[in-house]
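If you're wondering where the values come from, they're calculated on a predicted model, not measured in any experiment. Just so you know, ligand 1 is whichever comes first in the structure, and atom 1 is the first atom listed for that ligand. Atom set for the values below is all heavy atoms of this structure, side chains included, hydrogens, waters and symmetry mates excluded.
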Amino acid sequence: MKKLTFISCILLGGWLSGAMAADKTQPVYKSAKAPIEERVNDLVGKMTLEEKIQQLNQYTLGRNNNANNVGEEVKGIPAEIGSVIYFDADAQLRNAAQKKAMEESRLGIPIIFGYDVIHGFRTVYPISLAQACSWNLNLVEDACAIAAQEARMSGVDWTFSPMIDVARDGRWGRVAEGYGEDPYTNAVFGVASVKGYQGEDMSDSKRVASCLKHYIGYGASEAGRDYVYSEISNQTLWDTYIPPYEAGVKAGAATLMSSFNDISGVPGSANYYTLTDILKKQWKHDGFVVSDWGAVPQLIDQGSAANRKEAACQAFSAGVEMDMMGHCYDRHMAELVKEGKITMEQIDDAVKRVLRVKFRLGLFDTPYIKETTEQERFLLPQSLATAEQLAEETIVLLKNEGNILPIATDSKQTIAVMGPMVKNNTELLGSWSGHGRVENVLGINEALDEEFAGKANLVYADGCDFDGEDTSKFSEALETARKADIVLLCMGEKRGWSGENTSRSIIELPAIQEQFIAEMKKTGKPIVLVLSNGRPLGLAKVEPLCDAIVEMWQPGVPGGKPLAGVLSGRVNPSGKLSITFPRSTGQTPLYYNQRKSARPNSGKYQDIPSTPLYEFGYGLSYTTFSYGDIKISKADIKRNEKFTVEIPVSNTGKRDGAEVVHWYISDPFCLITRPVKELKHFDKQLIKAGETHTFRFEVDPMRDLSFVNSNGERFLDNGEYYILVKDKKVKVTITD
Ligand code: BGC
């Protein structure tokens, strides 16, 4: 190492003292050592009204495939903008935009870059509805952490995820994006994903800020149509839709997104009760709320505001701090302040919320991201292994008559593989697949070829398309099927049939697919139906035609490999449904935690049974499990006393297998009627063949047996409750 010369010492000394002098004079908000609140207050104190208002807007940058999202170039972005939706995955573009904000804005406030990282960024995981079927919270947390790493290293600081809208209507295209029909399930998976995205410290270069969406009641959209009215009483709001959000906020979610839907007369994006009374005053959330895309100007379409200025006033006053692509705040906020309709105090509070999140993300201290190669951040071996394991655990075996699965490989059977999903890797990615690429998806055919090489003879035919009326390939498929021992039909939904604005009025398989299955049945060969879809399907017509049904969902990049593992027996399926499968669309909405009927034996349909085809929590295994009785530590309990329930579960089959135990509670009488049963805990355990595992649940009466009234007040009645697992139950009495 070269010795420092006298001259260079003087120069260095001069530079150092200059730097130190600058350090002394540098504003508090620029000091990484100062506490965040001090930095926030210092900065807000220096900002002009115009600079403050700019922080409350979000524009777009980069491109995605939707025409409405074609973004502007860096030059089109104001240097003072609060946030952009970043459709790219390129560090240079992001850093160029950030440089503009840091160097061309007067105070050098970094931009927060947001994006929809829904089920993975480039390593695409199974859709969220499927993830919940794994009942594996750790795995979901890991997957979100990997998504966060890929996103942050690609320039995204903030994901618009998780979606924790309780969704009970399979017609709604967005059921795919959430964790199903149950409040508790959405709450715990929401918390797992917040933890995965944010970690302990959001300033970590591999973590992102999360966003709970769509606050609130979006999943209650009438008749499963998107953007429409939702009828939600305050009671239902509190007992069904709020629990996931309360849990997510308590877990530290940095932001929330206000919803499009009108909640019984007050739109979600202009709802003071939910956005301010509950979120900010009661739960003390100190991050910010971003509107959904254009949800502020849409208050005009909803008949709540007469014009954009009024829309800005309504949304902002209700508690929406950031206007996503609505151009209402940027155009009208200054005017509203001048007219005294919005106070400076309100503006300051909103700006502080946005800045707080930016400071927590470390954006002021590390505004730029390191440029890395795709190989350094995407599709890493561990990321792919997590994706594969998660996809394996999401698969739900719905039917397995005569144990036709796994496919016996001793006699090298011929399997006829057909249906529109077989070679269609794109659809396996699912909706909102971020930067996922079809070339990274292993097709069903490719996976089967690998899995069954030398063990079975695979023959392929197209059969039918996803929809339409073309039956021209039926006869070729019939011929192929007749020569086979087993017919494997890979059917379901295109990925574009799920997601935003993709409702379906009929959730049965399209007629052509039903017809094709019926045609194949004519061969008399055993039929294995494999389904890839983003919603629960009405399978009453096809179920009797099939010997086995495997729900593989939309698995993301692992594609056909987990399915192939299940078909061959390499993987023993352990997934259980996170959403009820009705028999037909007419039963929708159908969910396990309905309230009781006045006449339990009446009120039925005349044409079909009222029960689901496959209920919430349903899923088969290649082994069998036998449940013992529930043991309770003490049956008479004081209100604040915890107690334990235990149930032994034995693997009575010949294969090792994982079993998920769902613990429900039921309150037979309450002044506010309650669901027939409510999920409160679950656990998943691998049980070896012949072994027994005892599952435990420590019940905290105030947390697990209590209920909430229409004002959000939690109460615990004295009296009898039941703890239930499958058909086993035990009574507990609560007293003072
Ligand atoms: C969707 C949100 C999404 C946002 C940004 C909206 O249309 O409803 O879920 O986060 O766009 O892409």
Side-chain angles (χ1 to χ4, degrees), residues 57-72 82-89 112-121 127-129 144 147 151 156-167 172-179 186 190 193-194 197 208-221 224-228 230 244-245 248 253-263 267-269 288-299 301-302 315 320-327 430-436 496 498-503 534:
N57 293 282
Q58 185 178 58
Y59 296 170
T60 60
L61 180 69
R63 284 164 184 273
N64 76 355
N65 295 329
N66 300 336
N68 67 335
N69 286 342
V70 173
E72 299 97 327
S83 176
V84 297
I85 305 186
Y86 190 60
F87 292 111
D88 254 279
I112 177 171
F113 294 81
Y115 183 62
D116 290 282
V117 186
I118 306 298
H119 51 112
F121 189 78
I127 52 169
S128 305
L129 184 64
C144 290
V156 174
D157 313 304
W158 172 33
T159 173
F160 306 132
S161 172
M163 181 181 116
I164 46 173
D165 295 321
V166 170
W172 193 47
R174 305 199 80 165
V175 287
E177 294 175 53
Y179 302 106
N186 274 283
S193 64
V194 168
Y197 290 135
V208 294
S210 66
C211 181
L212 308 175
K213 74 185 190 186
H214 307 79
Y215 190 65
I216 193 171
Y218 187 33
S221 286
R225 288 165 60 220
D226 221 345
Y227 314 121
V228 301
S230 56
Y245 286 92
T255 69
L256 289 90
M257 185 182 290
S258 67
S259 59
F260 288 128
N261 56 301
D262 179 334
I263 308 163
S269 292
F288 69 92
V289 174
V290 62
S291 77
D292 202 341
W293 184 295
V296 180
Q298 283 162 22
L299 293 173
D301 301 287
Q302 286 174 309
V320 176
E321 281 85 24
M322 189 178 280
D323 175 6
M324 180 192 283
M325 286 306 289
H327 293 295
S431 63
W432 291 104
S433 54
H435 288 271
S498 293
E500 190 176 343
N501 201 16
T502 56
S503 304

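Checked by distance only, ligand 1 and Lys213 come closer than 3.5 Å through their nitrogen or oxygen atoms. At under 3.5 Å, a nitrogen or oxygen of Glu500, whether backbone or side chain, sits near a nitrogen or oxygen of ligand 1. The shortest N or O to N or O distance between Asp292 and ligand 1 is below 3.5 Å.
The shortest separation from a heavy atom of Met163 to ligand 1 is not under 4.0 Å, leaving the residue out of contact. Using a 4.0 angstrom heavy-atom cutoff, Arg174 counts as in contact with ligand 1. Heavy-atom separations between Tyr115 and ligand 1 are all 4.0 Å or longer.
For ligand 1, the atoms lying closer than 4.0 Å to a non-hydrogen atom of His214 are 2 (C), 8 (O), 9 (O). Listed by atom number, the atoms of ligand 1 under 4.0 Å from Phe260 heavy atoms are 7 (O), 8 (O). Interface of Met257 with ligand 1, defined as ligand atoms under 4.0 Å from a residue heavy atom, comprises 2 (C), 10 (O). Close contacts between ligand 1 and Trp293 involve ligand atoms 6 (C), 7 (O), 11 (O) [criterion: under 4.0 Å to a heavy atom].
A heavy-atom distance below 4.5 Å is not found between the side chains of Asp292 and Lys213. No side-chain heavy atom of Ser128 sits less than 4.5 Å from a side-chain heavy atom of Met163. Contact annotation: the side chain of Asp165 approaches that of Tyr245 to within less than 4.5 Å [non-hydrogen atoms, C-beta and beyond]. You'll find the side chain of Val208 stays beyond 4.5 Å of the side chain of Tyr115, heavy atoms only. Under the 4.5 Å side-chain criterion, counting only non-hydrogen atoms from C-beta, Gln58 is in contact with Val290.
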> Passes ring pair (Phe, Tyr, Trp, His ring centres under 6.0 Å), Phe160 versus Trp432? Steps please.
Replying inline: CA-CA 11 Å; Phe160 306 132; Trp432 291 104; 9.1 Å; no
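Relative ring orientation between His435 and Phe121 is described as tilted, the plane-to-plane angle lying within the 30° to 60° band.
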